[in-house]
Amino acid sequence: MSSQNQSIKQRFGIVGDSALLNHAISTAYQVSPTDISVLITGESGVGKEIFSQIIHNYSNRKHEKFIAVNCGAIPEGTIDSELFGHEKGSFTGAYEARKGYFETLNGGTIFLDEVGEMPLGTQARLLRVLETGEFIKVGASKVFKTDVRVIAATNINLLESIAKGKFREDLYYRLNTVSIQIPALRDRSDDVPLLFRKFAVDFAERYKTTPVTLDEDAQELLKTYTWPGNIRQLKNIAEQVSVLEHRKYIEGNTLIKYIPKAQSTALSIISSNSGGSSDLNEREILYRLLFEMKNDLNELKKVVAHIVEHEDIQSIKESSIIFRKNNEQDFDDSSSNDFSFPQQPIIRNTPDLSRNLEKLTTGSTKIQDIEENLTLEDLEKNMIIKALQKHNGRRKNAALELGISERTLYRKIKEYNLEF
């Protein structure tokens with residue numbers, strides 16, 4: 001079945017090799033030759049419509065018509081007419097009779113996206129079609145017969161909608177003969193850099209430019225982000241980077257400008273109750289903070305280097321004030337979020353600082369270079385040691401705990417001369 005999956009991926013432009021994705025593709029292929037109803041579930045932006053096309057194109061109806069209908073985008077007053085048709089004069093504005101999708105698609109396949117948004121009255125009509133193949137046009141009394149395969153999709157929990165009285169239980173079980181769960185992008189993190197590369201190549205061809213490539217830090221950032229908008233959001237970011245960045249080798253510090261703040265990400269995880277582990281959320285937040293700390297240390301190092309080079313007290317005072325204001329502004333921008341983080345270090349123009357600067361100009365005091373990565377390296381080293389100790393030296397498990405690849409863990413162990 002793996003060769004069949006590979007053929008399907010090439011045909012429909014699907015990128016990735018996660019077990020969850022492969023299982024979804026295999027299930028779609030297996031149910032294709034049948035006429036049973038299929039319910040495709042998954043978050044918004046995961047590509048549910050592609051799976052409906054897989055089912056249709058590998059079915060016995062592949063030479064017949066296929067149409068995708070977004071039930072959430074059709075007004076409640078007209079959705080019955082769109083699906084089942086209407087007779088002339090059946091309602092205001094019905095100046096002539098109209099055939100609905102279930103009549104024009106006879107023998108084909110209809111994909112009902114966002115089926116959970118369908119009104120209850122329309123749900124009853126759809127249930128009759130699924131059970132008997134019969135429907136009645138709006139404003140008519142004649143019964144019509146049709147043979148249409150129904151594939152439905154939703155990004156909401158239909159069982160919760162049933163409990164709230166917003167979705168018919170009998171329709172749910174009629175649609176859910178076979179269920180296909182499309183994994184969220186955060187559940188197939190190893191596929192994210194591959195998808196980004198594909199999008200980068202596509203946009204490079206469209207805009208006649210060189211495709212962007214990512215360094216290892218940028219790839220890790222993509223893999224640890226939770227992607228609430230899934231593939232649609234990743235594609236959007238890939239396009240932004242392809243268009244706006246002049247340098248085509250993208251580092252983590254550059255890519256992070258296009259990723260929403262970690263605070264917002266953490267809030268979206270909690271509010272959606274996606275079931276992800278707290279370790280993953282903390283690791284993502286920590287990764288974001290490490291980047292921000294490194295940027296602040298770089299700013300601080302520039303100030304100190306300017307002191308050593310120019311011994312200009314006044315200009316350094318001005319630089320420290322600007323640095324302080326920038327950090328305070330960054331902190332204020334994120335203060336509206338429920339999550340709060342320690343305020344970034346601020347250089348203050350205190351009397352002690354002024355005296356030290358004056359001593360510097362007389363040569364009586366020397367400022368040593370600041371090692372910008374010392375704190376980050378110590379933190380990273382301690383995290384690696386604790387993870388290895390927790391898993392008794394099993395590097396594969398430790399890498400999973402840390403959220404990094406085994407290759408990266410091996411490199412870090414060698415870099416820090418760790419013995420495990």
Participant: Applying salt bridge (Lys or Arg N to Asp or Glu O under 4.0 Å), run through Lys198 and Asp191 and close with a yes or a no.
Facilitator: CA-CA 11 Å; Lys198 176 189 181 300; Asp191 294 340; over 6 Å; no
Participant: Show, in sequence, the C-alpha distance, side-chain angles and deciding distance for Phe199 and Val241, and conclude whether the side chain to side chain contact (heavy atoms under 4.5 Å, CB included) test is met.
Facilitator: CA-CA 11 Å; Phe199 294 144; Val241 175; over 6 Å; no
Participant: Look at the side chain of His86 and the backbone N and O of Glu96, then say whether any donor-acceptor pair between them is shorter than 3.5 Å.
Facilitator: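 Yes; judged by distance alone, with no hydrogens or angles, the pair exists.
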Participant: Between Glu82 and Val69, is a side chain to side chain contact (heavy atoms under 4.5 Å, CB included) present by the stated rule, with each step listed?
Facilitator: CA-CA 9 Å; Glu82 291 286 331; Val69 180; over 6 Å; no
Participant: Using the salt bridge (Lys or Arg N to Asp or Glu O under 4.0 Å) criterion, which residues pair with Arg11? Sequence neighbours excluded.
Facilitator: none
Participant: Check the surroundings of atom NZ in Lys62: do more than 12 heavy atoms from other residues, nucleotides or ligands lie under 6.0 Å from it?
Facilitator: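 It does not: Lys62 NZ has 12 such atoms or fewer within range.
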Participant: Start with the C-alpha distance between Thr209 and Phe203, add both sets of side-chain angles, then the distance that settles side chain to side chain contact (heavy atoms under 4.5 Å, CB included), and finish with yes or no.
Facilitator: CA-CA 8 Å; Thr209 185; Phe203 290 126; over 6 Å; no
Participant: Mark yes or no for whether Lys48, through its side chain, and Glu43, through its backbone, hold a donor-acceptor pair below 3.5 Å.
Facilitator: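 Indeed, once roles are kept as given, a pair shorter than 3.5 Å links the two residues.
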Participant: Using a 4.5 Å cut-off on heavy atoms from C-beta on, say whether the side chain of Leu175 contacts that of Leu112.
Facilitator: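 Leu112 does not reach Leu175 side chain to side chain.
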Participant: Does the side chain of Ser161 come within less than 4.5 Å of Ile156's, by heavy atoms?
Facilitator: yes
Participant: Within the distance-only criterion (no hydrogens, no angle test), does the side chain of Asn5 pair as donor or acceptor with the backbone N or O of Asn22 below 3.5 angstrom?
Facilitator: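 Yes; at least one donor-acceptor contact below 3.5 Å.
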Participant: Considering residues at least two apart in sequence or located in another chain, which fulfil the salt bridge (Lys or Arg N to Asp or Glu O under 4.0 Å) criterion with Arg149?
Facilitator: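 With neighbours one apart ignored, the set is empty.
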Participant: Using the ring of each side chain (for Trp, its six-membered ring), is Phe135 parallel, tilted or perpendicular to Phe144, with breaks at 30° and 60°?
Facilitator: parallel
Participant: Less than 4.0 angstrom from a charged side-chain N to a carboxylate O is my criterion; do Lys235 and Asp202 meet it?
Facilitator: no
Participant: For residues Ser18 and Asp190, is any side-chain donor paired with an opposing acceptor at under 3.5 Å?
Facilitator: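 Side-chain D/A pair, Ser18 to Asp190: absent.
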Participant: Inspect the surroundings of NZ in Lys166 and state if more than 12 heavy atoms from other residues, nucleotides or ligands are less than 6.0 Å away.
Facilitator: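 Atom NZ in Lys166 is not packed in, count stays at 12 or less.
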Participant: So, do Ile25 and Thr27 sit near enough that their side-chain heavy atoms are less than 4.5 Å apart?
Facilitator: no
Participant: Nearest heavy-atom pair of Ser405 and Lys223: which atoms, and what distance?
Facilitator: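 The answer is CB-NZ, 4.5 Å.
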Participant: Anything under 30° is parallel, anything over 60° is perpendicular, the rest tilted; go ahead and classify Phe66 against Phe111.
Facilitator: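 Answer is parallel, since the angle falls under 30°.
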Participant: Between Phe12 and Tyr58, what is the ring plane arrangement, given parallel below 30°, perpendicular above 60°, and tilted in between?
Facilitator: tilted
Participant: Given 3.5 Å as the limit, does a donor-acceptor pair link the side chain of Arg98 with the main chain of Ser81, or not?
Facilitator: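 Present.
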Participant: Is Ile110 close to Leu83 at the side-chain level, that is, under 4.5 Å between some pair of heavy atoms?
Facilitator: yes
Participant: Once side-chain hydrogen bond (donor to acceptor under 3.5 Å, both in side chains) is applied, what residue pairs with a partner in residues 126-137 remain, sequence neighbours excluded?
Facilitator: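 Passing the test, one end in residues 126-137: Glu103-Lys137, Arg128-Glu134.
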Participant: If you compare all heavy atoms of Ile40 against all heavy atoms of Ser52, which two are closest, and at what distance to 0.1 Å?
Facilitator: CD1-N, 3.8 Å
Participant: Taking all non-hydrogen atoms of both residues, which atom of Lys9 and which atom of Gly16 are closest, and how far apart?
Facilitator: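 Answer, listing the atom of Lys9 first, then Gly16: NZ-O, 2.7 Å.
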Participant: Does some side-chain heavy atom of Tyr249 sit less than 4.5 Å from a side-chain heavy atom of Asp215?
Facilitator: yes
Participant: Holding to side chain to side chain contact (heavy atoms under 4.5 Å, CB included), I want the full list of residues that pass it with Lys412, two or more places apart in sequence or in another chain.
Facilitator: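 By the side chain to side chain contact (heavy atoms under 4.5 Å, CB included) rule, Lys412 matches Glu380, Ile384, Thr408, Glu415, Tyr416.
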Participant: What's the shortest heavy-atom distance between Asp35 and Arg61, and which atoms?
Facilitator: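 Looking at all heavy atoms of both residues, the closest pair is OD1-NE, 3.1 Å.
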Participant: May I ask you to decide if Ser242's main-chain N or O and Lys248's side chain share a donor-acceptor pair within less than 3.5 Å?
Facilitator: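 Yes; at least one donor-acceptor contact below 3.5 Å.
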Participant: Write down the atom of Thr41, the atom of Ser179, and the distance for their closest heavy-atom approach.
Facilitator: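 Scanning both residues, the minimum pair turns out to be OG1-OG, 4.2 Å.
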Participant: Which heavy atom of Ile36 sits nearest to which heavy atom of Thr34, and what is that distance?
Facilitator: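 Closest heavy-atom pair between Ile36 and Thr34: CG1-OG1, 3.1 Å.
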Participant: State whether the side chain of Ser32 and the backbone N or O of Ala28 hold a donor-acceptor pair below 3.5 Å, judged by distance alone.
Facilitator: yes
Participant: Within this structure, what is the NE2-OG1 distance for the pair His56 and Thr109, rounded to the nearest 0.5 Å?
Facilitator: 4.5 Å
Participant: Check for a donor-acceptor pair, side chain of Asn106 on one end and backbone N or O of Asp147 on the other, with a separation under 3.5 Å.
Facilitator: yes
Participant: Would you call Leu221 and Ile256 a side-chain contact if the rule is heavy atoms closer than 4.5 Å?
Facilitator: yes
Participant: Backbone N or O of Arg168 within a donor-acceptor pair of the Gln123 side chain at under 3.5 Å?
Facilitator: yes
Participant: Check the angle between the aromatic planes of Trp227 and Tyr225 and answer parallel, tilted or perpendicular using the 30° and 60° thresholds.
Facilitator: perpendicular
Participant: Which distance, rounded to the nearest 0.5 Å, do you find between the CD of Gln4 and the OG of Ser26?
Facilitator: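 Separation between the atoms: 9.0 Å.
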Participant: With a 4.5 Å limit on heavy-atom distance, are the side chains of Ile250 and Glu245 in contact?
Facilitator: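 Yes, at least one pair of side-chain atoms sits under 4.5 Å.
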Participant: Check salt bridge (Lys or Arg N to Asp or Glu O under 4.0 Å) between Arg174 and all other residues, then give those that pass, not counting sequence neighbours.
Facilitator: none
Participant: Just verifying a value: how many Å separate Asp17 CG and Leu194 CG, rounded to the nearest 0.5 Å?
Facilitator: 9.0 Å
Participant: Taking atom types as modelled, is there a side-chain donor on Lys381 or Asn417 under 3.5 Å from an acceptor on the other?
Facilitator: no
Participant: Please step through side chain to side chain contact (heavy atoms under 4.5 Å, CB included) for the pair Leu222 and Leu195, ending with a clear verdict.
Facilitator: CA-CA 10 Å; Leu222 289 181; Leu195 280 162; over 6 Å; no
Participant: Residues two or more places apart in sequence or in another chain: which of them pass ring-ring contact (aromatic ring centres under 6.0 Å, His included) with Tyr172?
Facilitator: none
Participant: Drop me the distance from Gln219's CD to Leu255's CG, to the nearest 0.5 angstrom.
Facilitator: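 Here the rounded value is 10.0 Å.
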Participant: Supply the atom-to-atom distance Phe196 CZ to Ile237 CD1, rounded to the nearest 0.5 angstrom.
Facilitator: 8.0 Å
Participant: State, with a plain yes or no, whether a side-chain heavy atom of Ile385 is found less than 4.5 Å away from one of Leu388.
Facilitator: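 Contact flag for Ile385/Leu388 side chains = no.
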Participant: Once you round to the nearest 0.5 Å, how far does OH of Tyr29 lie from CD1 of Ile54?
Facilitator: 11.5 Å
Participant: Check whether more than 12 heavy atoms from other residues, nucleotides or ligands sit under 6.0 Å from atom NZ of Lys145, and answer yes or no.
Facilitator: yes
Participant: Give the C-alpha distance, both sets of side-chain angles, the deciding distance and a yes or no for side-chain hydrogen bond (donor to acceptor under 3.5 Å, both in side chains) between Asn230 and Ser44.
Facilitator: CA-CA 7 Å; Asn230 291 290; Ser44 178; over 6 Å; no
